[in-house]
Amino acid sequence: MTPEEVGRRVVALLAPVEATASVSGGQGYARATVDVPPASWADAVRAARDDAELGLDFLDWLSAVDELADGFDVVLHLWSVAHRHGLLLRTRVPRDAPVVASVVDLFPGAAWHERETHEMFGIDFAGHGELRPLLLPPEFEGHPLRKEFVLASRVAKPWPGAKEPGESEAGGGRRPVRPPGVPAPGEWGTTPTPAGAAGAGEGPRGGTPARPARERPARAARPSTGAGQVRSDAAPAADEAGPLGRPLPGELPTGPPRQQPDPDAAGES
């Protein structure tokens with residue numbers, strides 16, 4: 001079935017419920033998209049799973065989208081293993097009371113997805129029965145994927161692109177908001193020091209002194225025999241000697257000759 005046919009079939013199965021069918025973007029990966037009221041959410045999932053023509057028997061993922069004042073869109077993607085087509089099923093819940101029916105009884109694999117969506121967006125799934133924390137510690141406050149949630153990283157470094165909610169595109173913006181327990185930028189860590197200052201950082205806890213540059217001694221001129229020719233028998237300067245007094249590559253050692261053992265002395269012993 002084409003995405004258009006999948007959408008029309010779902011709408012026909014839900015009649016007289018007001019459902020709207022459309023097609024998502026993605027060209028060859030486009031999916032039928034059907035928007036249903038929150039009260040018909042579980043019925044729409046059941047109809048898509050049990051209908052023989054649709055056969056949407058595999059739950060791919062479930063999540064949500066924060067639409068600010070318009071509420072939250074709960075999005076479910078189903079796939080048919082036999083017919084090789086998919087469906088994006090959506091419903092919108094109000095922001096002040098974000099509740100929708102759980103579909104764990106239809107797809108047990110939705111339990112993990114509903115727990116994550118509840119934790120990240122604050123949406124309740126009626127009938128789930130076990131919406132305990134999944135990714136965040138129990139003492140965490142707030143819902144990180146809501147658009148009004150203030151990120152601590154925005155306090156340390158301003159966002160270079162899009163504005164925070166409430167800020168104008170022309171600049172300026174509202175007063176910065178810090179989450180509870182996050183100090184102001186001048187109250188933690190070190191801040192960069194202007195060029196030419198003595199330290200590498202400054203702040204209430206002090207900066208780290210800059211490491212002084214190490215000066216290298218000038219090399220002594222090596223004797224030359226002519227245009228571009230360097231005498232091979234010239235001894236290297238003191239600062240040009242290799243590590244631990246070893247000769248440089250291409251030069252002969254200048255130390256005392258190695259003493260060879262005396263065979264006569266070895267025989268007498």
Quiz prompt | Point-to-point distance, once rounded to the nearest 0.5 Å, from CD1 of I123 to CD of E116 | solution = 11.5 Å

Quiz prompt | Nearest heavy-atom neighbours spanning V6 and G86 | solution = CG1-O, 3.9 Å

Exercise. Please determine if K147 and D66 form a salt bridge, counting it only when a charged side-chain N lies under 4.0 Å from a carboxylate O.
Key: no

Quiz item: To the nearest 0.5 Å, what is the distance between OG (S63) and CG (L76)?
Solution: 10.5 Å

Quiz item: Quick one: are T117 and L62 in side-chain contact, heavy atoms under 4.5 Å?
Solution: yes

Quiz item: Is the shortest heavy-atom distance from the side chain of R90 to the side chain of V36 under 4.5 Å?
Solution: no

Quiz prompt | D51 bridged to R9 by N-O distance under 4.0 Å | solution = yes

Quiz item: Roughly how far, to the nearest 0.5 Å, is the CH2 atom of W61 from the NE2 atom of H77?
Solution: 7.0 Å

Quiz item: Say you draw a straight line from CG of L59 to NE2 of H113; how long is it, rounded to the nearest 0.5 Å?
Solution: 5.5 Å

Exercise. Go through Y29 and S24 one step at a time and tell me if the side chain to side chain contact (heavy atoms under 4.5 Å, CB included) criterion holds.
Key: CA-CA 9 Å; Y29 299 95; S24 70; over 6 Å; no

Quiz item: Where do L78 and A48 come nearest, in terms of heavy atoms and distance?
Solution: CD1-CB, 4.0 Å

Exercise. Tell me whether L136 is reachable from F125 by hopping between hydrophobic residues (I, L, V, M, F, W, Y) whose side-chain heavy atoms are closer than 4.5 Å.
Key: yes

Quiz item: Are F149 and V65 joined in one hydrophobic group, where the rule is that I, L, V, M, F, W and Y side chains link up if heavy atoms are under 4.5 Å apart?
Solution: no

Quiz item: What are the two closest non-hydrogen atoms of P3 and A32, and how far apart are they?
Solution: O-CB, 3.0 Å

Exercise. Mind checking ring pair (Phe, Tyr, Trp, His ring centres under 6.0 Å) for H85 and listing every partner two or more places apart, or none if nothing turns up?
Key: H83

Quiz item: If every non-hydrogen atom of L14 is compared with every non-hydrogen atom of A47, which pair is closest and at what distance?
Solution: CD2-CB, 4.4 Å

Exercise. Using the side chain to side chain contact (heavy atoms under 4.5 Å, CB included) rule, take W79 and R31 through it: C-alpha gap first, then chi angles, then the decisive distance, then the call.
Key: CA-CA 10 Å; W79 180 257; R31 293 286 181 268; 3.4 Å; yes

Exercise. Determine whether V45 and L89 make a side-chain contact, defined as any pair of heavy atoms from C-beta on separated by less than 4.5 Å.
Key: yes

Exercise. Find out whether V93 and E67 are in side-chain contact, i.e. whether some heavy atom of one side chain is under 4.5 Å from a heavy atom of the other.
Key: no

Quiz item: Is there a chain of hydrophobic side chains (I, L, V, M, F, W, Y, each step under 4.5 Å between heavy atoms) that links F58 to V34?
Solution: no

Quiz item: Is there a side-chain contact between E130 and V104, using heavy atoms and a 4.5 Å cut-off?
Solution: no

Exercise. Would you give the length of the straight line joining atom CZ of R115 to atom CZ of R132, rounded to the nearest 0.5 angstrom?
Key: 4.0 Å

Quiz item: So, do V100 and F72 sit near enough that their side-chain heavy atoms are less than 4.5 Å apart?
Solution: no

Quiz item: For the side chain of E119 and the backbone of L135, is there at least one donor-acceptor N/O pair under 3.5 Å apart?
Solution: yes

Quiz item: By side-chain contact (heavy atoms from CB on, under 4.5 Å), which residues pair with R8, not counting sequence neighbours?
Solution: E4, E5

Quiz prompt | Residues R95, D70: salt bridge by 4.0 Å N-O rule | solution = no

Quiz item: Between D57 and R49, which heavy-atom pair has the shortest distance, and what is it?
Solution: CA-CG, 4.4 Å

Quiz item: Could you go step by step and tell me if T33 and V23 meet the side chain to side chain contact (heavy atoms under 4.5 Å, CB included) rule?
Solution: CA-CA 5 Å; T33 304; V23 178; over 6 Å; no

Quiz item: Just by distance, do the side chain of E114 and the backbone of L131 share a donor-acceptor pair under 3.5 Å?
Solution: no

Self-check item: Any side-chain heavy-atom pair of L134 and W112 under 4.5 Å
Solution: yes

Exercise. Flag yes if more than 12 heavy atoms outside Q27 fall under 6.0 Å of its CD atom; otherwise flag no.
Key: no

Quiz item: Linking I/L/V/M/F/W/Y whenever their side-chain heavy atoms sit closer than 4.5 Å, directly or via other members, would V99 and L106 fall into one cluster?
Solution: no

Quiz item: Heavy-atom distance under 4.5 Å between the side chains of L88 and V75, does that happen here?
Solution: yes

Quiz prompt | Reported CG-to-OG distance for the pair D124 and S102, which is rounded to 0.5 angstrom | solution = 11.0 Å

Quiz item: Are the side chain of T91 and the backbone N or O of W41 linked by a donor-acceptor pair below 3.5 Å?
Solution: no

Quiz item: What is the minimum heavy-atom distance between V103 and A42, and which atoms define it?
Solution: CG1-CA, 4.4 Å

